[in-house]
Amino acid sequence: MHPIRTMPVSAGIVALGLSTLAAGQEAEVAPVGLEEVVVTAQRREENLQKAAVPVSAVSGSTLTEQSVTQAADLTRLVPAIQIAPAASLTQIYLRGVGTFGANAFAEQGVAFNLDGVYLSRPAAPAALFYDLERIEVLKGPQGTLYGRNASGGAVNVITAKPQLAESGGFLTAEYGNFDTFKASGAVNTPVGDASAFRFSGQYVNRDGYMSDGYDDEDSWALRGQYRLDTDLVNVNFMADYAQVGGMGSGG
């Protein structure tokens with residue numbers, strides 16, 4: 001009779017152990033939520049999930065990790081966008097809508113904006129993709145907010161701004177196939193409590209993918225910003241320079 005009596009006791013111990021283990025597992029599971037992404041696609045700051053337009057946003061850290069240094073690299077990260085380099089020009093299409101800008105004075109069918117400033121010429125997107133806060137791609141006609149040259153959509157490039165009362169910087173470099181060498185960096189320097197400077201730059205050099213040397217990349221760029229933020233004034237001055245060389249795209 002003794003073995004029969006001990007069986008329910010053993011079962012009770014096993015059940016107690018399983019319930020304790022389950023309780024421990026539940027305690028270790030942390031709640032998971034979506035990180036808030038703030039965009040300015042509609043000329044105001046808002047949560048990406050609440051934006052009333054189709055927007056794809058890519059953070060600056062993701063652009064660095066994915067080695068995005070030119071407009072054509074965005075095709076790997078943003079659905080529905082197609083970017084075709086043509087010599088020194090950049091032709092942007094969204095959902096198949098764009099303009100075949102075959103000369104330096106053609107205007108795009110997809111608006112390209114840098115910090116809210118419209119850049120009309122097809123050569124404008126070259127050597128701008130470094131030290132960025134994020135990139136926003138608006139799909140579909142955006143003429144209400146972005147004017148006549150946004151029938152296909154808009155691409156907003158937002159640079160990283162100077163940070164007040166904060167010193168720091170970064171430097172990244174990589175080497176790869178086709179003798180690819182890419183380097184970029186930035187330095188943030190505060191001046192007092194209400195102003196700051198930020199200097200950034202990029203250098204890219206790569207052999208051509210084609211046997212005749214075309215489809216290469218050879219560019220360098222510099223950007224300087226000054227921010228003043230007081231009770232009376234809030235301004236940000238920016239100047240940049242870029243030089244794009246190489247043999248260009250081939251066919």
Side-chain angles (χ1 to χ4, degrees), residues 39-41 43 45 58-61 63-64 67-74 83 85 87-90 92 101 104-108 110-137 146-147 149-150 154-173 181-205 217-246 248:
V39 297
T40 55
R43 306 289 188 181
E45 291 188 355
V58 184
S59 65
S61 58
L63 296 171
T64 302
S67 189
V68 175
T69 57
Q70 57 181 344
D73 296 333
L74 290 177
I83 300 177
S88 61
L89 311 179
T90 302
I92 304 176
F105 300 100
E107 294 187 345
Q108 299 276 16
V110 176
F112 186 87
N113 306 284
L114 177 65
D115 285 341
V117 178
Y118 173 59
L119 305 181
S120 62
R121 301 305 179 216
L128 288 177
F129 295 85
Y130 64 96
D131 192 28
L132 300 179
E133 181 178 329
R134 67 182 179 278
I135 289 179
E136 303 170 356
V137 179
Y146 293 94
N149 295 322
V155 177
N156 297 333
V157 177
I158 295 93
T159 62
K161 302 300 186 296
Q163 300 298 313
L164 302 178
E166 189 175 308
S167 298
F170 71 90
L171 177 64
T172 63
F181 178 75
K182 300 180 180 181
S184 63
V187 176
N188 192 95
T189 304
V191 181
D193 296 330
S195 64
F197 286 95
R198 188 178 185 91
F199 301 98
S200 54
Q202 174 182 263
Y203 174 76
V204 180
N205 188 278
E217 195 173 355
D218 183 11
S219 66
W220 62 271
L222 297 172
R223 180 186 300 137
Q225 298 187 71
Y226 173 70
R227 176 184 175 187
L228 178 63
D229 191 355
T230 67
D231 295 336
L232 299 176
V233 180
N234 185 351
V235 294
N236 191 85
F237 299 98
M238 182 177 70
D240 61 359
Y241 176 83
Q243 180 171 310
V244 181

**Report entry** Worked check of side-chain contact (heavy atoms from CB on, under 4.5 Å) between Leu119 and Val157
**Finding:** CA-CA 11 Å; Leu119 305 181; Val157 177; over 6 Å; no

Requested in this report: Using the side-chain hydrogen bond (donor to acceptor under 3.5 Å, both in side chains) rule, collect all pairs that involve residues 163-173, keeping only residues at least two apart or in two chains.
Outcome: Thr172-Ser184

**Report entry** Residues which pass side-chain hydrogen bond (donor to acceptor under 3.5 Å, both in side chains) with Arg227, listed by chain and number, not counting sequence neighbours
**Finding:** Asp229

With a 4.5 Å limit on heavy-atom distance, are the side chains of [X] and [Y] in contact?
{"X": "Val58", "Y": "Leu132", "answer": "no"}
{"X": "Phe112", "Y": "Thr90", "answer": "no"}
{"X": "Phe129", "Y": "Leu74", "answer": "yes"}
{"X": "Phe237", "Y": "Leu228", "answer": "no"}
{"X": "Asp73", "Y": "Ile83", "answer": "no"}
{"X": "Asp131", "Y": "Thr159", "answer": "no"}
{"X": "Lys161", "Y": "Asp115", "answer": "yes"}
{"X": "Arg121", "Y": "Glu107", "answer": "yes"}

What are the two closest heavy atoms between [X] and [Y], and how far apart are they?
{"X": "Arg223", "Y": "Tyr130", "answer": "NH1-O, 2.9 Å"}
{"X": "Ala160", "Y": "Arg198", "answer": "O-CD, 3.5 Å"}
{"X": "Pro162", "Y": "Ala196", "answer": "CB-O, 3.8 Å"}
{"X": "Gly201", "Y": "Leu222", "answer": "CA-CD2, 4.2 Å"}
{"X": "Ser195", "Y": "Val191", "answer": "OG-O, 2.6 Å"}
{"X": "Ala111", "Y": "Tyr146", "answer": "CB-CB, 4.5 Å"}

**Report entry** Euclidean distance, Arg134 CZ relative to Leu63 CG, rounded to 0.5 Å
**Finding:** 11.5 Å

Report summary line: Distance col, row Phe197:CZ vs Asn188:CG, nearest 0.5 angstrom, shows 11.0 Å

Report task. Apply salt bridge (charged side-chain N to carboxylate O under 4.0 Å, His left out) to Lys182 and list each qualifying residue two or more places apart in sequence or on a separate chain. Result -> none

Query raised in the report: Side-chain donor-acceptor pair under 3.5 Å between Thr69 and Glu217, yes or no?
Result: yes

Requested in this report: Might you confirm whether atom CG of Asp193 has over 12 heavy atoms from other residues, nucleotides or ligands at distances under 6.0 Å?
Outcome: no

Query raised in the report: Donor-acceptor pair, Glu136 side chain versus Ile158 backbone, under 3.5 Å?
Result: no

Report task. Could you tell me whether the side chain of Gln225 and the main chain of Ser200 form a donor-acceptor pair under 3.5 Å? Result -> no

